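Only one structure is covered here, and it is reproduced in the block below.
Position 1 is the first residue of the sequence; numbering continues from there. Just so you know, these numbers come straight off a predicted model, no measurement behind them.
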Amino acid sequence: MARQFIRHTTIAGERWDLLAWNYYGDPTLFPAIITANPLISIEPVFESGLQIRVPILQASPVRNSDLPPWKRTGQ
């Protein structure tokens, strides 16, 4: 299956980690976005108007045993 992407047009001041937070809810997933954009320079902040490809990631299932006790269900 071909990889799917969302196109994002940057505004001045955005960063890789902010894109990951906005699209994935986790700023540590920014390497997936960097990898999908090999022609974009890795800079601290973006200028406005860059076209960024944001890969659609598959959600991995969360096991109850991986959660802290207060977030576990059905116990």
Side-chain angles (χ1 to χ4, degrees):
M1 179 177 189
R3 194 140 194 209
Q4 296 181 331
F5 299 92
I6 297 169
R7 293 238 176 243
H8 176 85
T9 303
T10 61
I11 58 173
E14 284 186 305
R15 302 186 320 252
W16 296 104
D17 61 327
L18 292 177
L19 292 180
W21 172 254
N22 289 335
Y23 286 98
Y24 305 141
D26 184 347
T28 66
L29 294 177
F30 72 90
I33 303 172
I34 290 175
T35 301
N37 294 278
L39 301 179
I40 303 291
S41 298
I42 300 174
E43 299 290 335
V45 293
F46 294 122
E47 59 188 47
S48 65
L50 292 174
Q51 294 294 311
I52 303 289
R53 295 179 350 157
V54 180
I56 297 173
L57 302 180
Q58 291 288 68
S60 44
V62 176
R63 297 180 308 193
N64 252 0
S65 61
D66 292 339
L67 296 174
W70 61 91
K71 288 193 170 187
R72 293 180 187 163
T73 59
Q75 294 200 6

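- Hydrophobic clustering of Ile, Leu, Val, Met, Phe, Trp and Tyr side chains at less than 4.5 Å, counting indirect connections, keeps L50 apart from V45.
- Linking Ile, Leu, Val, Met, Phe, Trp and Tyr whenever their side-chain heavy atoms come within less than 4.5 Å leaves I52 and L18 in two separate clusters.
- Applying the side-chain contact (heavy atoms from CB on, under 4.5 Å) criterion to L39, with sequence neighbours excluded, gives no partner residue.
- Take R53 and apply the side-chain hydrogen bond (donor to acceptor under 3.5 Å, both in side chains) test, not counting sequence neighbours, and it matches no residue.
- At a threshold of 4.5 Å between side-chain heavy atoms, the hydrophobic network of Ile, Leu, Val, Met, Phe, Trp and Tyr places L29 and L19 in one connected group.
- With sequence neighbours excluded, the residues that form a side-chain contact (heavy atoms from CB on, under 4.5 Å) with I56 are Q4, I6.
- Under the rule for a side-chain hydrogen bond (donor to acceptor under 3.5 Å, both in side chains), N22 has no partner lying at least two apart in sequence or in another chain.
- For Y23, the ring-ring contact (aromatic ring centres under 6.0 Å, His included) test picks out H8, with sequence neighbours left out.
- Follow the hydrophobic side-chain contacts under 4.5 Å out from I11 and you never reach F46; the two are in separate clusters.
- Hydrophobic cluster of F5: no remaining members, since no ILVMFWY side chain lies below 4.5 Å from it.
- Alongside W21, the hydrophobic cluster contains no other residue (criterion: ILVMFWY side chains under 4.5 Å).
- With sequence neighbours excluded, no residue forms a ring-ring contact (aromatic ring centres under 6.0 Å, His included) with F30.
- For residues 34-52, the side-chain hydrogen bond (donor to acceptor under 3.5 Å, both in side chains) pairs, not counting sequence neighbours, are T9-Q51.
- Note on Y24: it clusters hydrophobically with W16, by side-chain heavy-atom contacts below 4.5 Å among ILVMFWY residues.
- Sorted by first and then second residue, the salt bridge (charged side-chain N to carboxylate O under 4.0 Å, His left out) pairs with a member in residues 15-25 read R15-D17; sequence neighbours excluded.
- Shown here are the side-chain contact (heavy atoms from CB on, under 4.5 Å) partners of P68, two or more places apart in sequence or in another chain: W70, K71.
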